[in-house]
Amino acid sequence: MESAGAGETVGLMCPGCGGVEVRTVEEARQRKGARRHGLYDRLDPGPDKTGDGCMHFAEGMLLTALGIGLVYMGVDQHKPLYSLGGAALALVCFFGTFMVVRSDRREKDAAEAGYPRAERLWQPAHYCYGCTSVFCPGGTPWRGVLTPEQFKKLVWTEAGYADQLLAGDKAKDAQIPADVLPE
Ligand SMILES: [Zn+2]
């Protein structure tokens, strides 16, 4: 019974290449060189939604105010086209803002609701520097050796917010092997 060191990265071996330079994904994201290899983003457990809604709201209201300003300018200078355009701008921005803020809210709710599910798959995962892949010691809670992109797709999909993967993120198009998750 060699239980000493269980749960630590010491003594762990990568099932993909047999390499021993492995770290938890959490550590791999913070370590030196993580930025160079993009590991911070590639091993990201979920979308960062802090403050989004407020900023969109402020921007939308600023544009709305601009439209209202045009209305007044048009009235003042007897230019009805300005007033008309300004009113249209204000209306579109006003209602557009509410739609954007509502969708921000929905995405944020999804992110918060899914995070515990993401955490369950993400926390035990380890990153191997030898073959730049991700695995779970002992094959739980998921099996196999994945690329960071497949891993991120797996975590985000199971958490229910894979639709929030940004365009250009390679994880968006990653294919998850069928037998990764147990029944
Ligand atoms: Zn490896």
Side-chain angles (χ1 to χ4, degrees), residues 25-123 125 127 132-134 142 146-178 180-181:
V25 288
E26 188 170 16
E27 217 186 315
R29 286 184 81 210
Q30 313 292 347
R31 277 183 102 203
K32 215 172 72 185
R35 194 178 298 272
R36 184 155 41 91
H37 298 286
L39 289 178
Y40 189 81
D41 279 333
R42 292 168 74 201
L43 299 172
D44 198 350
D48 180 18
K49 286 284 159 197
T50 44
D52 245 1
C54 277
M55 209 169 74
H56 283 150
F57 185 77
E59 286 168 0
M61 286 303 122
L62 199 74
L63 284 170
T64 305
L66 201 75
I68 293 171
L70 269 177
V71 173
Y72 277 107
M73 203 174 97
V75 170
D76 208 40
Q77 303 180 5
H78 303 287
K79 288 177 179 158
L81 267 181
Y82 277 25
S83 298
L84 219 63
L89 180 70
L91 271 177
V92 166
C93 291
F94 189 73
F95 288 106
T97 300
F98 280 98
M99 274 162 68
V100 167
V101 168
R102 204 172 58 175
S103 111
D104 281 350
R105 183 74 239 171
R106 193 179 48 75
E107 290 189 349
K108 198 174 175 213
D109 285 348
E112 277 166 10
Y115 204 76
R117 290 196 296 275
E119 188 97 298
R120 196 179 67 82
L121 299 175
W122 182 83
Q123 200 73 50
Y127 177 75
T132 65
S133 52
V134 186
W142 55 268
L146 301 180
T147 66
E149 282 68 36
Q150 288 173 321
F151 168 65
K152 186 173 176 181
K153 178 81 175 279
L154 172 74
V155 170
W156 287 46
T157 302
E158 288 304 306
Y161 44 64
D163 59 324
Q164 295 186 47
L165 284 167
L166 298 176
D169 190 330
K170 287 194 188 113
K172 204 176 170 73
D173 304 315
Q175 299 291 324
I176 307 164
V180 166
L181 285 170

Subject >> Side chain proximity check, Val25 to Phe151, heavy atoms < 4.5 angstrom >> reply: yes
Subject >> Spacing of CG belonging to Asp169 relative to CZ belonging to Arg42, to within rounding of 0.5 Å >> reply: 10.0 Å
Original post:
Do side-chain atoms of Arg117 reach the backbone of Val155 as a donor and acceptor pair under 3.5 angstrom?
Top reply: no
Subject >> Smallest separation among heavy atoms of Tyr161 and Pro47, with atom names >> reply: CE1-CD, 3.4 Å
Original post:
Just by distance, do the side chain of Glu107 and the backbone of Gln164 share a donor-acceptor pair under 3.5 Å?
Top reply: no
Original post:
Between atom CD of Gln150 and atom CD of Gln175, what is the distance when rounded to the nearest 0.5 Å?
Top reply: 8.5 Å
**OP:** Identify the two heavy atoms, one from Leu39 and one from Ala28, that lie closest to each other, and give their separation to 0.1 Å.
**Re:** CD1-O, 3.9 Å
Original post:
Looking at Ala87 and Val71, what are the two nearest heavy atoms and their distance?
Top reply: N-CG2, 3.3 Å
Original post:
For the side chain of Lys152 and the backbone of Asp41, is there at least one donor-acceptor N/O pair under 3.5 Å apart?
Top reply: yes
Subject >> Residues Tyr127, Thr132; criterion side chain to side chain contact (heavy atoms under 4.5 Å, CB included); working and verdict >> reply: CA-CA 7 Å; Tyr127 177 75; Thr132 65; 3.3 Å; yes
**OP:** Provide the closest heavy-atom pair for Pro45 versus Tyr115 in the form atom of the first, atom of the second, distance.
**Re:** CG-OH, 3.4 Å
**OP:** Could you tell me which non-hydrogen atom of Cys93 sits nearest to which non-hydrogen atom of Thr64, and how far apart they are?
**Re:** CB-OG1, 3.4 Å
**OP:** Indicate the atoms forming the closest heavy-atom contact of Ala125 with Leu121, along with that distance.
**Re:** CB-O, 3.9 Å
Original post:
Heavy atoms, side chains only, cut-off 4.5 Å: are Thr97 and Met61 in contact?
Top reply: yes
Original post:
Atom NZ of Lys172 and atom CD of Glu149: how far apart are they, to the nearest 0.5 Å?
Top reply: 14.0 Å
Original post:
Hey, are the side chains of Trp122 and Glu26 touching, using non-hydrogen atoms and a 4.5 Å cut-off?
Top reply: yes
Original post:
So, do Leu146 and Pro177 sit near enough that their side-chain heavy atoms are less than 4.5 Å apart?
Top reply: yes
Subject >> Any Phe94 side-chain heavy atom under 4.5 Å of Ile68 side chain >> reply: no
**OP:** Using the six-membered ring wherever Trp is involved, compare the ring planes of Phe98 and Phe57 and label them parallel, tilted or perpendicular (cut-offs 30° and 60°).
**Re:** perpendicular
**OP:** Find the distance between CG (Asp173) and CG (Leu165) and round it off to the nearest 0.5 Å.
**Re:** 9.5 Å
Original post:
Hey, what do you get for CD (Gln30) to CG (Leu43), rounding to the nearest 0.5 Å?
Top reply: 10.5 Å
Original post:
Are Asp109 and Arg105 close enough for a salt bridge, meaning some N to O gap below 4.0 Å?
Top reply: yes
Subject >> Heavy-atom side-chain contact between Leu63 and Leu89 under 4.5 Å >> reply: no
Original post:
For Trp156, is the NZ or CZ atom of Lys153 found under 6.0 angstrom from the centre of its six-membered ring and inside 45 degrees of the ring axis?
Top reply: no
Original post:
Thr147 side chain to Ser133 main-chain N or O, any donor-acceptor pair under 3.5 Å?
Top reply: no
